[in-house]
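We name chains A, B, ... by the order of the sequence lines, and we start the count at 1 in each one.
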Amino acid sequence: MRFVLKTSYDADIRLFKHRAQAVWYALLLLLVLATPLYFVAIGDAYLLGEITGVLILAIAGMGLMLLTGHTGLPSLGHATFMAMGCYVNINLLGAGVPWIVAFPLSGLIAGFFGTLIALPVLRLHGVYLALATLAMSILTGDFVVMAEPWTGGIAGAAVPDINIFGIEINRYSTPYKFYYLVLFVAILLVWFYRNLLRTPTGRSFTAIRDSEISARAMGINLTRTKATSFFLSATAAGLAGALFGHSAGYVTNETFDLVMSITLLLMIVIGGLGFIPGAFFGAIVVGIIPVAIANGRSFLATTFDVNINVPGLESALFAFILVCFILFEPMGLYGRWLKIRTYFELFPFYRKDMFKRQKSYLKTDRVQ
Amino acid sequence: MSLLDIDSVTLRFGGLVAVDNVSLSVNEGEVFALVGPNGAGKSTVFNLVSRFYDPAAGSIRFDGHDLLQCNADQVPGFGIARTFQNIELFEQATVLQNLLVGRHRHRQTGLLSNIVFSPKAYREEVRHRKAVEEVMDFLNLQPYRDKMIGGLPYGVRKVVELGRALASEPRLLLLDEPASGLSVEETQDMAFWIEDIQTQMGISVMMVEHDMGLVSAVSNRVMALSDGKELATGTAAEVQSHPDVIAAYLGTGEISKTGTSRA
Amino acid sequence: MDFLQLIISGLANGCVYGLIALGFVLIYKATEAVNFAQGDFMMLGAFVCIGFTNHEYMGLDFWLAVPLSILVMGAFGYLFNWGILRHMFGQSQTSIVILTIAMGFIIRFFAGATWSHEPTSLETPYAGQDVRAGGLVLGVDEVLIVAVTAILTLVFYLFFSRTKVGLAMQAASQNQLAAYYMGIPVKRVHSLVWGLSGMVAAVAGILFASKGAIDPSTGLLGIKAFAAAAIGGFGSLPGALLGGLIIGLVEPLASRYGPPGISQIAPYAILLLILIFRPGGIFSQTLSKKV
Amino acid sequence: EQGITDTEVLIGSNNDLSGPFAAFGAPATKAAQLVFDEVNEAGGIHGRKIRFVVEDHAYQMPKAIQGMNKLINGDKVFAMLLSLGTPMNIAAFKLQDAKNVPNVSPLSAARQMAEPFHPLHYAGTATYYDQIRIGVTYLAEQKGADTVCAMYLPTDFGKDIKEGAESIAAETEGLTFVSETTHKPDDADFVGALQKLSADGCDIVTLALGVRQAITVSGTAKKLGLTDMSFLNSSAGFHTVMAKVPGGVTEGMYAAAGWADLLSRMDQPEVQKFFKRYTEATGEELPGTGALLGHSAAVTLVKALEAAGPDLDAKTFQAGMESLNYEDVVSGNTVTYSATDHQGADEVVISVIKDGNWVEIARQ
Amino acid sequence: MTTDTNPADIVLQIENLESYYGPIMAIRGVSLTVRKGQIVTVLGANGAGKTTLLKTISGVMDPEKGTVRMQGSEIQGSEPDAIVRRGIVHVPEGREIFPLMSVAENIAMGAYTRTDRGDIAADEDMVYSYFPILKDRRAQRAGTLSGGQQQMLAIGRGLMSQPRLMLLDEPSLGLSPLLTQEIFEIIVRLNTEQKVTMMLVEQNAKVALDAADYGYVMELGRIVMDDRAEVLAASKDIQEFYLGVSQDENQRGQRRWKQRKTWR
Ligand SMILES: Nc1ncnc2c1ncn2[C@@H]1O[C@H](COP(=O)(O)OP(=O)(O)OP(=O)(O)O)[C@@H](O)[C@H]1O
Ligand SMILES: Nc1ncnc2c1ncn2[C@@H]1O[C@H](COP(=O)(O)OP(=O)(O)OP(=O)(O)O)[C@@H](O)[C@H]1O
Ligand SMILES: [Mg+2]
Ligand SMILES: [Mg+2]
């Protein structure tokens, strides 16, 4: 285990706990910045598009992570906020607002309306909140239809390309630019998120998650804090929605459906609730496994002439892999990652059963 | 001069009168103890002050402010901090983080400056940490600084809770059974801390406690409650010798190996 | 008369929601887990029965197929808990929710691969038969649904409030550790209740499939049943039925008298309204923490 | 040109194999594969074997985007066939058009599949919109009806059908569109909706519901005694299963579709062959609507590839497609494409359920 | 240990027990023996591992190493409910009650493993006679009881299972002095009248040693001392650190700059 001798108050405030950590993060940054080079080299950006998709998922995932992982409020309605961001973005762009303004605004407006919608249900906990947001998610499609003048309703709406000071960015025609753009947004949000967690706002979120009673007794206003969390969360989801729109090119009332909301929740749980990297781990799982399965199947077909043609097998296989993930790592992939890291840090002193799960027991959620 | 004034407060849960027309006041700088049998309504009085419950009648004033006019989350703003009988810490956070939440009422930065971690937010953080480190030094919590609450023994948690309350730099500290579950040695530490809190920090304390040793060691005044009603008020010695208090609460203190002490 | 017909059919339909909700609530009441695959369990139960009784499959007698499928689904629920959920004992409910969601996908796949994605009807001896009374028509299937739902709700209500095992189930959901300290075999109790819930799902599936056709995506109905359970108060058996009935009534009323589109919104709008004004549902099963 | 080698031509399909429309997508892709297998066994087309890559999007947009990216950018298919879902197809057009990937016979009868005209977009059958217009006109004449209504899902499919019904009612003397109800895929009770339509005096009710729901609607209407209401399905409800519901629940339902029912044409050897081959290969009891569509689309593609000649590219393929004019015996329709007509089977067949079978009563 | 080695007398025998919370070793090779009809107490400062020890015995935690024998058969690692059915009941630290159930239902759950209806009713009456307040509050939801009332409920519920061996973790936590006294009288009475063997963890060392026959002292996961209760009560270290009897008049000064304990 690494012991960090703390000699000043800064030690706890710094973004990175120690030099090595900073180095690792720098390497990671270099890696993600250099990734496109590989695709340039092979001259095929197909998979880069999928990686970009993962980043978009991760942005939405961070939004939900803040709400569910750090504030303890489950939501099965985040596709709604994505929809808001996406449609606001389309409309602003349609009205001639430059992307550089329209994009952040679409997040903020989604955040604002998200908060308005969430306000009446902030008193709810656990299953009840999940169900209320689920209801919201189910109704989203209907609202998109009702708001036809802005959304194109059932017929759908085409999403204009991004234009930043004359630079045209499109998911397919300029995949590299699109990747860097999404990457930039993701990194910016990670930085914001980490700042939040080391300041009073973030602490008040986790306080509410762990004990509402204590939080109140420490002077935290539940409604305002939860609303803030909802706002930030919906803003991130809105931004992701806007980017998702650019990556889909065309959206309808069925695009941001319940399945998408569920996928987001699933993603952060698999990634590891309560950890920022969890959003990324989860997005990788959710975004890459289907691609891997599909390509694996194609590979079997082309190389070994093995054709597996059972309809729906891919979804089932994906679900099965998820079951395995949950079963073997209920704390999420980030939990597993921490163990692997500890293993290396401790190397010779590591005991095999060190991370054996001690029996654990649940208590009711109905006492709040 | 009295800091907290509870005046003829009554609270019912359905048919049960948990607090029955109770009046008390805690003076500036004093340690005021509330004792009484289980279910007497002591914690309920705390919960009334914390504004978790609305009284059916009566008034609660703190330093001239009408507490009944405000919400639970505004109470700490006046300088009232509390601990809980059954420990309510933020389990998935470290000791340091718990104490930092205690500083919430001194927060001065807004959302925006938090998100971008502005210099102002940085300076505020440094201030908070300084205050928290002092509390940790005072309560000998440094060894547990970065430990998760989830894995701490009961006694340490009690101290962390006290620390969290102290971190908010209150004027009045409400301690609900601070020494329950503590060993004799730890109880003595607790007594010294309470003394220091009173004398050196100038914080008034109101506490509920069943350990009469601790009560007599630290409290200036004691009130005994039973069935929601006041039984007796006075110095520790006075209350302890009050026959009703002995009958309802204290008992003889000896274990008879043959029969119950309830005659 | 029309109005009465509307109400009666709505109630019958509401009973289907109630019945699925009953399955949710059983599990919730005994384990506090939320089974997102309950709708899919129902669908599976229906297909199992179709597999036993329809002429293109095994062609067994309907009245033999029913208990068989109930048994099969009971075993399925039990084994699902025993083989999978038990390994996650004590883990957060969110993980279990995710697991059941994934399970739903797998069940849908299995049903699609086994019985195809085409809508299939259950061949029942009472298909197309009606009961008519004074101008009102009610299918025999609907009469059965109402009767079975009422009976099951009552039986389970009594089971939970009067029997030792029922109480133990509730205890196990409120505090697993304390339940163990009392000698309650919590894991076995969980398996048991999943088995029960599988059986209820089979009943619901059979009744639903005899009303119309089903296909692997029928499990979607589970979401409305969710809403029903929440309206009634998650964890309350009569609440599940009541919630089901409310949704069952609101839908046809809204589509009869409201503008187009309102009947799909109505159940969820009602859910939201109820939750806003009564955060624990009608028969709230929650308690605010005493400190 | 992507997706073509001397020995192989790669065809993609972005389909729903496990979602709400799996009942169409799964059999359609299976049937298409059978056609290709047969072609490949016979040596392929101009020496090229057809490889058919199907991705399952389960009718979800995010997955559809992934599938599209894989097929077009990853696998680099030459053409798309039978892709399911209007929004999925429209979203794909942007990329497909940029890469000159033809879109053949998508599993969507929305108008956007062939309108506005694009050289590489080819619709298989008449649109829902046209189907319903023709069906309503026919029924109105037959029954002397004067009111039209719609029960529909709020999807592109539902919208087309409702608009078709509305527009034909507006254009036809003595016919008015009087009422509508909308539904969700999980609606199971239609008493309220039918009572409303009955109160509004609907003679013809056009249906844009799932098959399962259409069955329930018919049953409920029978139970409520609404016998003078005629229900008209589009191709989406023109499903063999519909006719086979026990107890005569669906007797008398109409459907206007781009093909004729199989079972009524089993005397034709080609139909028999298709029937036999499909049931043997899949173990299913009978090929449903999806299978039929898949078969027809695959045949169209094969014929177009043949006509395109050995120098295959988007241009020659277009020429091949536009030269097609043949009788598709299995679907019972004539398939014609031309430089101005990118919709294959233009005929609309109107059928009714009689004694548990679809019976053709008119064609236009 | 005492010299008496009649194995039939031994209710609980623990050898070399080790338990972990993830990487943290909470008890490190504990061995102890509880004899039939004894009241054994385990003393120790905060975090010494007393609760962990009891949890490992009652099966809610799995030990990493070592054995726990209940009347000769090994029980470590079994499911907790199986251990209850063997006659060990654990009254846990921190009032693990069923918050949404009524007091009466909570008490009924205590008798879950029993089938003798008539006797159960009698035992319920016994519990209610020990804690009359619980009788008054039979229909109240247990989660709304006061802290002390919940503690009474937890103890009362434990009594309902007619255990052979009772593990009591800080039974006096949050109880009034009068009730603490009564609880210990009940413990002694059950022990003498119904021959229930007791293993008792207490912070209130004075009463615990008064009631107990034998005592163990735990520190940092190890047993550092054990002897008959009277002997322990007379020991200097015990007096100083557990009974609060100070040799030094200037207690405060000494305690402020206290030295840590002297054993080891
Ligand atoms: N929410 C509630 N509903 C019903 N009764 C309640 C509720 N909360 C508390 N009570 C009752 O009010 C009385 C006072 O409880 P309180 O917690 O104040 O007691 P206390 O004096 O703190 O006792 P202890 O020393 O055991 O903690 C008790 O009899 C308790 O059962
Ligand atoms: N859930 C947990 N995770 C990690 N460590 C734990 C956990 N629970 C207890 N520990 C550690 O195990 C050790 C023993 O704890 P235990 O609760 O058994 O002590 P105890 O003697 O009962 O103390 P107390 O008198 O405070 O109840 C402590 O050092 C504690 O930090
Ligand atoms: Mg109290
Ligand atoms: Mg302990």
*So is Arg209(A) actually on top of Phe90(B)'s ring, under 6.0 Å and inside 45° of the axis?*
no
*asked:* Can you tell me if Tyr144(B) has over 12 outside heavy atoms packed within less than 6.0 Å of its OH?
replied: no
_Nearest-0.5 Å distance, OG of residue Ser211(A) to CD1 of residue Ile149(B)_ = 11.5 Å
*Just wondering, more than 12 heavy atoms not from Tyr361(A) lying within 6.0 Å of its OH?*
yes
*Proximity breakdown for Gln74(B) and chain A, heavy-atom pairs closer than 4.5 Å*: neither
*Using a strict cut-off of less than 4.0 Å between a Lys/Arg side-chain nitrogen and an Asp/Glu carboxylate oxygen, indicate whether Glu125(B) and Arg203(A) qualify as a salt bridge.*
yes
*Please report the shortest heavy-atom distance between Gly219(A) and Pro76(B), naming the atom on each side.*
N-CG, 3.2 Å
*With chain B, which of Ile213(A), Thr206(A), Leu222(A) has the greatest number of heavy-atom pairs at distances under 4.5 Å?*
Ile213(A)
_Which residue in the set His106(B), Glu124(B), Arg103(B), Gln108(B) passes side chain to side chain contact (heavy atoms under 4.5 Å, CB included) when paired with Pro200(A)?_
Glu124(B)
*asked:* Between Val75(B) and chain A, with a heavy-atom cut-off of 4.5 Å, which part of the residue counts as in contact: side chain, backbone, both or neither?
replied: neither
*May I ask you to check whether over 12 heavy atoms, not counting those of Phe113(A), lie within 6.0 Å of atom CZ?*
no
*Looking only at atom types and distance, does a side-chain atom of Asn195(A) sit under 3.5 Å from a main-chain N or O of Ile115(B), one as donor and one as acceptor?*
yes
*Kindly compute the distance separating CZ (Phe192(A)) from CZ (Phe117(B)), expressed to the nearest 0.5 Å.*
14.0 Å
*Kindly indicate whether the side chain of Leu232(A), heavy atoms from C-beta on, has any atom under 4.5 Å from the side chain of Leu111(B).*
yes
_Asp210(A) versus Ala93(B), closest heavy-atom pair with distance_ = OD2-N, 3.9 Å
*Determine yes or no for a side-chain-to-main-chain donor-acceptor pair under 3.5 angstrom, with Asn114(B) supplying the side chain and Leu196(A) the backbone.*
no
*Side chain, backbone, both or neither: which part of Ala72(B) has a heavy atom under 4.5 Å from chain A?*
both
*Which atoms form the tightest heavy-atom contact between Ala217(A) and Phe52(B), and what is the distance?*
CB-CZ, 4.1 Å
*In terms of heavy-atom contacts, does CZ of Phe13(B) have more than 12 from other residues, nucleotides or ligands at under 6.0 Å?*
yes
_Is the shortest side-chain heavy-atom distance between Ser204(A) and His104(B) below 4.5 Å?_
yes
*asked:* Can you tell me which residue among Arg164(B), Glu161(B), Arg82(B) is in a side chain to side chain donor-acceptor pair (under 3.5 Å) with Ser214(A)?
replied: Arg164(B)
*asked:* With no hydrogens and no angle check, just 3.5 Å: does a side-chain donor-acceptor pair link Arg107(B) and Thr201(A)?
replied: yes
*Would you indicate whether Met331(A), at its atom CE, is surrounded by more than 12 heavy atoms from other residues, nucleotides or ligands within a distance under 6.0 Å?*
no
*asked:* Checking Arg105(B) against Met218(A) for the side chain to side chain contact (heavy atoms under 4.5 Å, CB included) test, could you report, in this order, the C-alpha distance in whole Å, the side-chain angles of both residues, the deciding distance, and whether it holds?
replied: CA-CA 7 Å; Arg105(B) 81 178 184 102; Met218(A) 296 303 121; over 6 Å; no
